[in-house]
Every structure is written in C-alpha cells, then in structure tokens.
Amino acid sequence: MFSLIVNLLGPFLHRPTQSSIQDGPAYLLNSSRSKKSTSLTDLPSTMASSSPLLIRGGTVVNDDEMLKADVLIENGLIKTVGPNLDAPSGAQIVDATGKLVIPGGIDPHTHMQLPFMGEVAVDDFEKGTQAAVAGGTTMIIDFVIPTKDSTPIKAYKQWREWADPKVCCDYALSMAITTWNENVAKEMEIVTGDDYGINSFKFFLAYKGVFMVRDEEFYQGMIQCAKVGALARVHAENGSVIEEKAKELLAKGITGPEGHTQSRPEELEAEATNRACVLASQANCPLYVVHVMSKGAARAIAHHRQKGAVIFGEPIAAGLATDGSHYYNKDWLHAARYVLSPPLSRDSTTPNALMDLLAAGELHLTATDNCTFNCRQKLAGKDDFTKIPNGVNGVEDRMSVVWEKGVHSGKIDPMRFVAITSSVAAKIFHCYPRKGRIAVGSDADVVVWNPEASRIISKDTHHHAVDFNIFEGMEVHGVADVTISRGKIVWENGQLKTVSGSGRFIPLKPWSPTVFSTIAQRAKMIQPRGVQREAPQDLPEEVEKLSVQNKSRTTPGGNSKISFS
Ligand SMILES: NC(=O)NCCC(=O)O
Ligand SMILES: [Zn+2]
Ligand SMILES: [Zn+2]
C-alpha cells in the first residue's frame with residue numbers, strides 16, 4: 001500500500017539538500033514567559049543535554065511535500081533535513097527505512113481531568129499525554145473551562161497548576177467563555193496577551209445552566225474575539241430544546257442511553273451550527289466548529305464557507321470511526337460508554353461522509369474531544385440518561401483511525417494526513433512552522449510512522465486511564481513506531497519513556513494569519529454607513545390632518561393589542 005502511494009506521488013518526491021523555516025515566529029525564540037513557557041533557551045536540562053538523534057532512511061512527509069531525507073535533531077530542535085547526513089559523535093540513530101517521518105500529531109481538542117457532570121475525567125494530564133504520545137500525538141490543546149461563578153484568569157491558573165507538573169508532551173490552552181459580563185470581556189483581552197498565551201475562546205450552545213451561553217452572549221463574545229484577534233470556537237447544539245426533549249423522554253419512561261441520542265437529534269446540531277455561522281458572520285469573527293458529528297452540521301459549515309465566511313470544521317476520531325447504533329445496545333454499560341455530545345450519528349453512512357469531507361477540504365482538521373469517564377462514573381446515569389457523564393477516548397487512537405479511514409482506504413494521501421492531523425492545527429492556532437512541520441528550526445516533535453504495520457485497538461493494551469475503549473477490536477493500519485517529543489524519544493518498541501512535567505506550555509499568539517487575514521480586511525469594508533440628510537421639516541398641514549384622523553380610526557374587529565416594540 002505504502003509503496004503504491006509513493007509511486008503515485010512520484011512527482012512530489014524531491015530531494016532538496018535542506019529544508020528551512022521561512023517565517024518562524026521570532027517571539028518564540030526570545031520569549032520571556034514564566035518558568036513553564038516555551039523559551040528555547042529555557043529547556044529542561046534533560047532535554048537541553050540530550051544526545052543528538054539522527055533519523056535515517058525514512059521519507060519525510062509535510063503537508064505539501066514528501067522527500068527521502070534524514071533528519072538530525074539536536075537540543076530539542078530539528079537541526080538538518082537532507083540526504084545521507086553524517087551522524088555527529090554520540091548521536092543515537094533511529095532507523096526509519098521504509099517508514100514515514102512525520103510531524104507529531106496535534107490534537108486541538110482535549111479535556112484532561114475535566115470536572116464535569118459531578119465527576120472528573122480519569123485521563124489526567126499525565127495519563128492523557130502518555131496515551132497521546134503512544135499514538136503519535138505530541139501536542140494537545142486542552143480547554144480551560146471556568147464555572148459560571150469563576151473567572152477566566154482564576155480558571156486559567158487552575159488549569160496550569162493541573163497540567164504543568166504532569167504533561168509528558170507540549171500543550172497549549174484554549175478557553176471557554178461560560179458567562180458574559182464586563183470583567184469577562186476584560187479578562188479575554190488580558191489572557192490573549194504574552195503572559196497567558198490564549199488565542200481561542202470556546203462557546204457552548206449546549207449544557208444549559210452549566211456552560212451554555214445565550215445567543216446575545218455568544219454574539220458579544222465573538223465581537224470581543226474579533227477585537228482581540230482570537231478565534232471563536234463553538235460547541236453547536238440547541239441546548240434549550242435538548243433540555244425540553246430530555247424531559248419529554250424521561251416522562252415517557254425512556255431513561256437509558258438511547259434517550260441521549262433521541263433527545264439530541266441531528267437537526268439540533270445542524271440548527272445550532274447554522275446559527276453559530278450566521279452570528280459569526282454578523283460579528284465578523286472567524287469561527288471553528290468543534291466536534292462536527294453530523295452531515296447536517298457539515299453542510300451548514302460548507303454553505304457559509306461558500307458565502308465567504310471564515311469557518312473551520314473539526315470532526316473527531318469517534319465520529320469518523322463509530323456510529324450511534326451503540327446507544328441501542330441491550331447492555332446498558334456498553335451503550336453508556338458511547339455517550340458524548342453531540343452524540344454519534346444514528347446514520348451509519350456519516351463516518352465515511354465526514355472522512356470524504358476531510359478529503360475534499362470541506363472539513364479541515366481532526367481532533368478527539370478526549371474526555372474519559374470510566375464505567376463506574378458512567379453509572380451515575382443508570383436511572384436517567386441526562387446524568388451519564390458525557391465524553392469518550394480518542395487521543396491515543398486518532399492518528400491510526402485517521403490513517404485507516406483516510407489513507408488506508410485510499411481517500412487521502414500521506415500529505416493530507418499530515419495536514420489534518422497536525423499542520424492545519426499548527427497554522428490555525430498560530431504555532432506553525434514551529435509545530436506541524438519537519439523543517440530546520442522546528443521543534444523536534446517527530447513521529448516515525450509505520451504505514452505497513454497494523455494493530456488491534458483494545459482497552460487491554462491502550463495507555464488511557466479509562467477502563468474501556470470505544471474503538472475496541474478495530475484493526476488499524478498505520479502505527480507510531482517511535483515518537484519524539486522535543487528531541488527526546490518518548491515512545492519506542494511499544495514502551496513509554498515519558499517524564500511527567502517534561503512537556504512545555506506553548507503560549508499561542510493572537511492574530512493567526514490563517515484565521516484573520518480576510519477578517520481584518522473585511523472589517524475595513526463593512527464599516528457601518530450613515531447618510532447625510534437635512535434635518536426633518538414639520539409635516540405639511542394636510543398630511544398632519546390625515547395622520548390625526550388615522551390615529552382615531554377603529555379597524556373592523558377592533559384594534560390589535562399586539563405590540564412589536
Ligand atoms: N463532548 C463531550 O461529550 N464531552 C466533553 C465536553 C464537550 O466538549 O462537550
Ligand atoms: Zn463540546
Ligand atoms: Zn470538548
């Protein structure tokens with residue numbers, strides 16, 4: 001299969017002597033952030049002093065090229081990319097013959113140790129990032145989610161305290177806006193500054209009473225996003241109608257996990273996605289729709305993009321590889337394991353359709369929404385499906401699932417694979433080419449990917465803390481043989497070699513050019529326009545008389561009491 005792909009892609013395979021970063025963001029090289037920031041002069045001693053690594057004999061794959069080249073890594077960075085490189089003294093050699101050398105995966109949507117629905121997700125920042133690197137992902141973007149009575153900055157500090165000592169690969173943060181007031185607007189501006197490194201905000205249109213915001217709050221939040229150069233992200237479902245439907249189902253005695261999917265029909269995802277796109281256009285704000293689970297939602301995104309809106313669509317591994325038939329399984333626990341929101345599609349053709357849209361460029365990148373609750377935690381909803389903690393695994397298996405459904409099935413080539421698992425995320429979140437590219441000067445987050453190997457996914461062999469796997473028994477081709485994080489091997493020969501806390505926080509700058517170039521220009525074109533007029537004159541006498549008569553006239557059947565003010 002792989003040799004076939006290489007032959008087909010012959011014209012793309014060139015052999016430059018060296019690749020280089022053209023537009024590396026200078027701020028990353030002289031950052032003056034807190035201890036856990038990304039300054040390259042502030043690497044942990046384990047990394048700074050690690051021996052050079054030479055990856056030999058592989059095919060380097062970026063989102064726009066495939067080339068036979070060796071990759072030399074020193075001090076956590078890619079030092080050289082080129083053919084037949086000499087090994088510096090003391091270098092460790094990684095043999096990549098017959099394999100691909102790809103940028104480490106970036107999962108832009110995870111919830112490690114999220115407190116949610118009365119439970120805390122069991123994959124914490126340590127287990128979650130270990131699972132990530134075991135599957136070839138070397139960076140996650142997790143969400144700070146303030147409760148309604150907290151503040152963005154307080155919550156941000158909490159997330160950093162949770163993550164910094166535990167992460168085994170690099171990570172960044174996105175932030176949810178769960179309430180709206182002047183202080184929130186002010187803190188949004190603060191956290192997009194250098195000291196915090198947030199460049200996207202997520203709005204929930206679901207989870208009423210918990211995280212959900214009203215349309216006017218969402219609209220105001222997006223206006224603020226556009227002002228501070230941040231991307232708006234949205235969980236698009238109609239939370240108010242979902243709540244009503246859930247009550248109806250419970251009243252009819254439907255208490256099992258099948259009620260979860262029936263209370264959240266796909267139309268409610270499509271409606272909210274469409275609404276989010278409309279409101280984003282009104283706010284002239286770029287929009288990123290997380291976990292696109294249905295054809296209707298994808299269609300809404302495509303419709304608005306065709307009208308020129310800047311919108312990105314993110315399907316997740318679960319939605320690409322499983323469907324909603326599980327909710328009707330006779331075994332309650334089996335069905336409950338698949339409860340996430342929006343739910344898996346009940347249309348069994350949806351997973352393939354979502355992959356087709358990724359192939360066609362109508363959807364743009366993949367994530368996981370990794371948010372794991374074990375069987376005991378899922379049982380919190382045994383008498384009422386609305387109490388089953390929402391969330392599933394994915395961070396370990398995403399790369400293999402996307403390879404299987406995309407490349408192995410012949411829908412996409414390895415370059416598109418790199419794009420939708422890594423480079424597009426790096427571009428959207430403004431850390432490209434530091435991340436998401438094999439190039440001189442980039443962070444040495446590199447995976448030796450074996451396109452010929454296959455594995456069977458199972459809870460018995462995965463590295464998550466959770467006690468089941470929604471992909472259980474699935475055979476996937478494409479396996480991470482070696483994962484390198486910041487120049488250190490963290491996964492090899494089926495063994496983790498991680499150090500807790502060795503991952504770094506990656507501050508993300510606002511005004512990503514991938515996201516904002518058209519938005520900024522459009523802002524200039526759509527300034528509100530007033531009309532210069534003479535001051536209104538008094539009405540001519542005969543018109544004045546007529547309007548007095550009209551006021552006193554009664555219509556047949558009486559005057560309407562309806563007021564439109
Ligand atoms: N998706 C899900 O069911 N759980 C995590 C929270 C969210 O992203 O909605
Ligand atoms: Zn969500
Ligand atoms: Zn999520």
Side-chain angles (χ1 to χ4, degrees), residues 107-124 128 140-147 155 159 171-178 200-213 218 231-239 242-243 246 257 259-261 263-264 266 268-269 272-273 276 287-294 297 312-320 322 324 326-327 335-345 365-374 377-378 380-381 385-395 398 425 464 466 468 470:
D107 184 343
H109 182 170
T110 67
H111 302 283
M112 303 308 175
Q113 64 190 81
L114 176 68
F116 187 39
M117 299 181 73
E119 303 288 341
V120 176
V122 287
D123 279 333
D124 65 4
I140 60 167
I141 304 181
D142 206 85
F143 287 87
V144 174
I145 309 189
T147 50
W159 254 260
Y171 82 106
L173 290 169
S174 187
M175 178 176 278
I177 297 301
T178 54
S200 63
F201 295 95
K202 178 179 178 185
F203 300 85
F204 288 92
L205 305 184
Y207 307 130
K208 193 171 175 194
V210 185
F211 298 147
M212 184 171 131
V213 289
F218 179 35
L231 174 65
R233 304 175 81 185
V234 65
H235 172 135
E237 282 185 296
N238 187 320
I242 286 167
E243 188 176 80
H260 178 71
T261 177
S263 65
R264 307 179 100 100
E266 291 191 9
L268 296 186
E269 186 195 354
T273 305
L287 183 68
Y288 177 121
V289 183
V290 300
H291 47 42
V292 176
M293 301 297 279
S294 64
F312 305 98
E314 168 213 89
I316 59 172
L320 292 167
T322 55
H326 293 286
Y327 300 123
R337 287 170 186 148
Y338 292 82
V339 167
L340 83 158
S341 295
L344 296 164
S345 173
L365 71 170
T366 60
T368 63
D369 198 7
N370 196 93
C371 184
T372 51
F373 299 99
N374 62 27
Q377 293 173 309
K378 292 272 180 187
F385 64 83
T386 65
K387 298 193 165 64
I388 302 170
N390 285 205
V392 296
N393 62 288
V395 76
R398 175 184 66 127
H464 291 274
V466 70
F468 62 88
I470 58 162

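If you read the sequence from its start, that first residue is 1, and numbering goes on from there. In each ligand, atom 1 is the first atom listed, and ligand 1 is the first ligand listed.
To the nearest 0.5 Å, the span separating CD1 on Ile145 from OG1 on Thr178 amounts to 8.5 Å. Between the CG atom of Asn374 and the CG atom of Asn393 there is a distance of 12.0 Å, given to the nearest 0.5 Å. The distance from the CD1 atom of Ile177 to the CZ atom of Phe203 is 5.5 Å, given to the nearest 0.5 Å. Taken to the nearest 0.5 Å, the OG atom of Ser174 stands 8.0 Å off from the NZ atom of Lys202. Here the straight-line distance linking atom CG of Leu287 with atom CZ of Arg233 works out to 10.5 Å at 0.5 Å rounding.
The ligand atoms of ligand 1 that sit less than 4.0 angstrom from a heavy atom of His235 are 9 (O). Within ligand 1, counting atoms from 1 as listed, the ones closer than 4.0 Å to a heavy atom of His109 are 8 (O). Against a heavy-atom cut-off of under 4.0 Å, His111 is close to the following atoms of ligand 1: 5 (C), 6 (C), 7 (C), 8 (O). In the vicinity of Leu340, heavy-atom distances shorter than 4.0 Å reach the ligand 1 atoms 3 (O). Heavy-atom contacts of Gly391 reach the following atoms of ligand 1: 3 (O), 4 (N) (cutoff under 4.0 Å). With ligand atoms numbered from 1 in the order given, ligand 1 contributes 8 (O) to contacts under 4.0 Å with heavy atoms of Lys202.
The closest approach between a heavy atom of His260 and any atom of ligand 1 is not below 4.0 Å.
Residue contacts with ligand 1, taken as heavy atom pairs separated by less than 4.0 Å, do not involve Glu237 at all. Counting heavy atoms closer than 4.0 Å to ligand 1, residue Asp369 contributes side-chain atoms (C-beta onward) but none from N, CA, C or O.
Here Tyr207 and His235 bring their ring centres to under 6.0 angstrom of each other.
Protein heavy atom closest to atom 9 (O) of ligand 1, with residue, atom name and distance, is Tyr207 OH, 2.6 Å. Of all protein heavy atoms, the one closest to atom 4 (N) of ligand 1 is Asn390 O, 3.1 Å. Ser341 N, 2.8 Å is the protein heavy atom nearest to atom 3 (O) of ligand 1.
Inter-residue side-chain proximity for Tyr338 and Thr261 is flagged as unmet; no heavy-atom pair is nearer than 4.5 Å. Put simply, the side chain of Val213 reaches to within 4.5 Å of the side chain of Leu205, judged on heavy atoms.
Judged by distance alone, with hydrogens and angles left aside, the side-chain atoms of Glu237 form no donor-acceptor pair with the main-chain N or O of Ser341 at under 3.5 Å. Between the side chain of His111 and the backbone N or O of Asp369 there is no donor-acceptor pair closer than 3.5 Å.
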Between side-chain atoms of residues 113-124 and protein atoms elsewhere (two or more places apart, or another chain), which donor-acceptor pairs fall under 3.5 Å?
| residue | atom | partner | partner atom | Å |
| --- | --- | --- | --- | --- |
| Gln113 | OE1 | Phe125 | N | 3.0 |
| Gln113 | OE1 | Lys166 | NZ | 3.4 |
| Glu119 | OE1 | Gln377 | NE2 | 3.4 |
| Asp123 | OD1 | Ala465 | N | 2.7 |
| Asp123 | OD2 | Asn370 | ND2 | 3.2 |
| Asp123 | OD2 | Thr372 | OG1 | 3.0 |
| Asp123 | OD2 | His464 | ND1 | 2.7 |
| Asp124 | OD1 | Glu126 | N | 3.0 |
| Asp124 | OD1 | Lys127 | N | 2.8 |
| Asp124 | OD2 | Lys166 | NZ | 3.1 |

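For the Zn ion (ligand 3), the nearby protein N/O/S atoms, meaning those under 2.8 Å, are His109 NE2, His111 NE2, Asp369 OD1.
Between Val339 and Lys378 the shortest heavy-atom distance is O-NZ, 3.1 Å.
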